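Below is one structure, written out as structure tokens; the observations come after it.
Reminder, nothing fancy here: chain letters follow the sequence lines and each chain counts from 1. All values reported here derive from a predicted model rather than from experimental measurement. The figures here come from the full heavy-atom set of this structure, side chains too, leaving out hydrogens, waters and symmetry mates.
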Amino acid sequence: NAGVTQTPKFQVLKTGQSMTLQCAQDMNHNSMYWYRQDPGMGLRLIYYSASEGTTDKGEVPNGYNVSRLNKREFSLRLESAAPSQTSVYFCASSNYRGDEQYFGPGTRLTVT
Amino acid sequence: SQQGEEDPQALSIQEGENATMNCSYKTSINNLQWYRQNSGRGLVHLILIRSNEREKHSGRLRVTLDTSKKSSSLLITASRAADTASYFCATDGGYSTLTFGKGTMLLVSP
């Protein structure tokens with residue numbers, strides 16, 4: 001039972017490059033989330049998926065897209081990376097919105 | 001926008017002492033949760049308290065909730081060096097997802 005897994009752990013991109021962050025959970029949770037964490041800013045929600053087949057914008061969605069591939073997997077795509085997207089990205093899941101969330105280990109992304 | 005705000009931003013204590021951190025929020029909630037984050041790791045859920053509860057315990061953790069003051073406190077008793085981490089409160093307003101505060105950094109020195 002791995003919980004929430006994220007790949008990759010680290011990534012360096014050049015401005016304008018694209019990449020997809022992968023997230024998977026094995027807890028049969030309905031809801032999944034993507035956050036970014038910057039120093040002094042706490043966690044900010046990028047996108048979430050309340051249930052399979054639905055996605056919604058969070059607080060900071062600009063520059064990102066998401067796909068809820070199936071119940072287990074929720075990916076985050078940066079189409080054209082910018083230095084402002086340098087951050088640590090966390091995926092999380094919960095049984096339902098408002099329930100306790102389980103977090104992955106994070107992806108540290110640097111955009112130069 | 002973030003609803004929960006933790007106070008203090010940073011707290012430094014000695015092992016064996018108690019640590020208290022507070023969280024204030026703005027609108028009504030269904031529940032309030034506390035999470036811990038060790039450096040470089042993902043957040044770990046500690047405890048959830050519902051709006052109709054006033055106090056909850058889990059091991060060395062004690063959480064209180066005062067809905068009239070829109071505030072919560074997390075007390076860690078007999079702190080250990082391993083408690084060194086950032087602590088976040090998160091609120092469930094029932095309309096969207098959890099909203100996290102910016103956290104309290106706790107340093108417990110041996």
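To the nearest 0.5 angstrom, Gln37(A) atom CD is 12.5 Å from Lys102(B) atom NZ. Residue Glu100(A) holds its CD atom at 10.5 Å from CG of Leu46(B), rounded to the nearest 0.5 Å.
Surrounding CD of Gln9(B) are at most 12 heavy atoms belonging to other residues, nucleotides or ligands under 6.0 Å away. Heavy atoms from other residues, nucleotides or ligands lying under 6.0 Å from CZ of Arg72(A) number more than 12.
Among residues 103-110 of chain B, no residue has any heavy atom closer than 4.5 Å to a heavy atom of chain A. Among residues 58-89 of chain B, the residues having any heavy atom closer than 4.5 Å to a heavy atom of chain A are, in sequence order, Phe88(B).
Using a 4.5 Å cut-off on side-chain heavy atoms (C-beta onward), Gln101(A) and Phe100(B) make contact. Annotation: side chain of Leu43(A) is in contact with side chain of Leu43(B) (closest heavy-atom distance under 4.5 Å). Side chains of Phe103(A) and Arg41(B) form no contact here, defined as non-hydrogen atoms less than 4.5 Å apart.
Within the 4.5 angstrom heavy-atom criterion, only backbone atoms of Asp99(A) (N, CA, C, O) approach chain B. For a residue to count as touching a neighbouring chain, one of its non-hydrogen atoms must lie under 4.5 Å from one of that chain's; by this rule Tyr35(A) touches chain B with the side chain only. At a 4.5 Å heavy-atom cutoff, the contact between Tyr33(A) and chain B is made by side-chain atoms alone. In this structure, chain B has no heavy atom under 4.5 Å from any part of Gln6(A). Only the side chain of Gln37(B) comes within contact range of chain A, with at least one heavy atom under 4.5 Å from a heavy atom of that chain.
Each of Tyr47(A) and Val4(A) belongs to its own hydrophobic cluster when Ile, Leu, Val, Met, Phe, Trp and Tyr are linked at side-chain heavy-atom distances under 4.5 angstrom. In terms of hydrophobic clustering, with Ile, Leu, Val, Met, Phe, Trp and Tyr side chains grouped at heavy-atom distances under 4.5 Å, Val60(A) and Leu13(A) are assigned to a common cluster. Hydrophobic cluster membership differs between Phe90(A) and Leu109(A), with clusters built from Ile, Leu, Val, Met, Phe, Trp and Tyr side chains linked at under 4.5 angstrom. Tyr102(A) and Tyr35(B) are members of different hydrophobic clusters when ILVMFWY side chains are connected at heavy-atom separations under 4.5 Å. Grouping the Ile, Leu, Val, Met, Phe, Trp and Tyr side chains by contacts below 4.5 angstrom, directly or via other members, places Leu78(A) apart from Val88(A).
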